[in-house]
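Here the structure is laid out as structure tokens; the discussion comes afterwards.
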There are 2 protein chains.
Amino acid sequence: MEIDSLGAMKLSVRGEYALRALLVLGRDYLEDDSVVRIQAISDQQHIPKRFLEQILNDLKSAGIVESKRGVAGGYRLHKPPDRITLAEIIRHIEGPLAPVSCVSEKFYEKCSCPDESRCAIRSVMKEVRDSIVKVMEHTTLADLADRARTLEQEPLSASDFMI
Amino acid sequence: MEIDSLGAMKLSVRGEYALRALLVLGRDYLEDDSVVRIQAISDQQHIPKRFLEQILNDLKSAGIVESKRGVAGGYRLHKPPDRITLAEIIRHIEGPLAPVSCVSEKFYEKCSCPDESRCAIRSVMKEVRDSIVKVMEHTTLADLADRARTLEQEPLSASDFMI
DNA sequence: AAAATATCTATTGACATAATAGACATTTGA
DNA sequence: TCAAATGTCTATTATGTCAATAGATATTTT
């Protein structure tokens with residue numbers, strides 16, 4: 001293999017930060033209009049603050065979060081956490097969930113293979129896509145927050161060190 | 001979303017070319033030592049020849065293909081197509097199959113989140129990883145070649161145009 | 001010896017990513 | 001009313017990878 005080893009089907013750091021930030025907002029979500037400061041998220045999740053600004057701003061334009069300015073300002077989810085799926089978040093931040101664009105539902109692009117409609121690779125990639133989407137569409141920020149709460153209460157198991 | 005839209009969990013073009021080239025070698029595989037010329041693969045799959053050289057050379061160092069030099073030279077699979085999985089190929093060309101390195105079996109890397117062992121995102125990403133790996137480990141070049149043969153015999157179905 | 005092929009190493013242009021920076025707007029509350 | 005703390009917006013930069021290209025070399029067959 002090359003020196004790089006960056007990874008094939010990988011989330012960018014930006015996408016990872018987005019998920020981490022939204023997990024915080026999902027956990028702290030209340031029906032009133034309380035907000036969480038960027039600085040708090042940045043501290044808690046070790047995310048560069050200025051970079052996080054951009055990401056949250058981006059998520060705002062997607063209608064996923066909303067913001068309040070001023071001295072008591074900050075961010076909150078724009079809709080309840082059980083109505084925000086991981087698929088929605090990642091599609092906005094990164095684009096297609098599919099491993100190749102020719103099997104993407106939302107971002108289809110023709111590929112360069114000789115006959116796309118009879119491409120065996122494409123047909124396997126469709127399976128991969130479906131299995132990724134199944135998890136991502138099914139999991140909401142509320143699920144994530146629940147899971148986080150559960151994990152916090154559990155003792156550390158040895159099997160969690162290396163997987 | 002940003003202007004880019006390159007995609008989150010995507011295969012690189014290099015990886016796609018590798019699969020397409022290997023599919024050709026898988027289909028043409030014979031027990032004798034017959035080889036396929038780079039030029040033939042390049043023509044058939046519309047892959048830039050010089051780029052394909054690099055990719056095949058890389059696959060050779062992985063023990064996936066072997067080559068024969070000289071005027072009747074070319075490439076062939078180093079082992080039977082039913083013993084080469086897509087996972088093996090992509091891991092060599094691109095690295096981890098996991099969406100985040102902290103859930104990778106073969107390329108584990110620590111991530112920057114506060115407590116990896118209790119990270120809810122990680123636990124979801126493990127599910128994603130497992131479902132990707134399940135397909136990739138299970139599918140061999142022989143499966144791919146079979147599938148290609150089947151697809152070629154089938155009439156074009158309308159549903160194959162847009163998915 | 002000539003022709004056709006693979007091999008190796010280096011380099012390039014384009015692009016995206018991740019991060020940084022500075023100027024600005026808004027809100028609160030002292 | 002002003003100052004302080006926050007979010008907003010627009011640029012810019014450093015870095016790195018990807019995809020492709022190029023040139024010189026080695027090997028094999030005829």
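As the structure is a computational prediction, the values presented were derived from the model and not from experiment. Quick note on labels: first sequence line is chain A, next is B, and so on, each numbered from 1.
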Short N/O separations, protein against nucleotides 9-14 of chain C, under 3.5 angstrom:
from: dA10(C); atom 1: N6; to: Gln54(B); atom 2: NE2; distance (Å): 3.1

Polar pairs (N or O, both sides) under 3.5 Å between protein and nucleotides 26-30 of chain C?
from: dT26(C); atom 1: O4'; to: Arg69(A); atom 2: NH1; distance (Å): 2.9
from: dT27(C); atom 1: O2; to: Val71(A); atom 2: N; distance (Å): 3.4

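Applying the salt bridge (charged side-chain N to carboxylate O under 4.0 Å, His left out) criterion to Asp82(A), with sequence neighbours excluded, gives no partner residue. Evaluation of the side chain to side chain donor-acceptor pair (under 3.5 Å) rule for Gln54(B) yields no partner, not counting sequence neighbours. Taking the salt bridge (charged side-chain N to carboxylate O under 4.0 Å, His left out) definition, one finds that Arg50(B) meets it with Glu53(B), sequence neighbours left out. In this view, His78(A) and Glu66(A) satisfy the side chain to side chain donor-acceptor pair (under 3.5 Å) rule, not counting sequence neighbours. Under the rule for a side chain to side chain donor-acceptor pair (under 3.5 Å), the partners of Asp32(A) that lie at least two apart in sequence or sit in another chain are Ser34(A). Remark: Arg147(B) engages Ser123(A), Glu127(A) in a side chain to side chain donor-acceptor pair (under 3.5 Å) (not counting sequence neighbours). For the side chain to side chain contact (heavy atoms under 4.5 Å, CB included) test, residues two or more places apart in sequence or in another chain that qualify with Arg83(A) are Lys79(A), Pro80(A).
At a threshold of 4.5 Å between non-hydrogen side-chain atoms, the residues Thr140(B) and Leu86(B) do not count as touching. At a threshold of 4.5 Å between non-hydrogen side-chain atoms, the residues Pro96(B) and Arg129(B) do not count as touching.
Sorted by residue number, the list of members of residues 16-26 of chain B with any non-hydrogen atom under 4.0 Å from DNA chain C is empty.
Residue Arg14(A) contributes atom CZ, which lies 11 Å from atom C1' of dA16(C) at whole-angstrom precision. Taking atom CD1 on Ile55(B) and atom P on dA6(C), their separation rounds to 14 Å, with Å as the unit. Here the P atom of nucleotide dC18(D) and the NZ atom of Lys10(B) are 14 Å apart, to the nearest Å. Going from atom CG of Leu52(A) over to atom C1' of dA18(C) covers 13 Å, rounded to whole Å. In this structure, Arg76(B) atom CZ and dA6(C) atom C1' are separated by 16 Å, rounded to whole Å. When the P atom of dA18(C) is taken as reference, atom CG of Asp58(A) falls 13 Å away, rounded to whole Å. Atom CD1 in Ile93(A) sits about 13 Å away from atom C1' in dA18(C), given to the nearest Å.
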Identify every side-chain donor-acceptor pair in residues 132-139 of chain A under 3.5 Å, counting partners at least two apart or on other chains, and give the distances.
from: Thr139(A); atom 1: OG1; to: Val135(A); atom 2: O; distance (Å): 2.8

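Dashed line: the shortest gap from a side-chain N or O of Ser12(A) to OP1 or OP2 of dA16(C) is not under 4.0 Å.
With hydrogens and angles disregarded, no donor-acceptor distance shorter than 3.5 Å links the side chain of Ser42(A) to the backbone of Ile38(A).
Using a 4.0 Å heavy-atom criterion, one finds that Ile38(A) contacts the sugar-phosphate atoms exclusively.
Comparing atom distances between the Arg50(B) side chain and each of dC8(C), dG7(D), dA18(C) picks out dC8(C) as nearest. The side chain of Ser67(B) has dA6(C) as its nearest neighbour among dA6(C), dA20(D), dG7(D).
Nearest-nucleotide positions on DNA chain D place Lys60(A) closer to the 5' end than the other of Phe51(B) and Lys60(A).
Judged as a ring-ring contact (aromatic ring centres under 6.0 Å, His included), the pairs with a partner in residues 41-66 of chain A (not counting sequence neighbours) are, in order, Tyr17(A)-Phe51(A).
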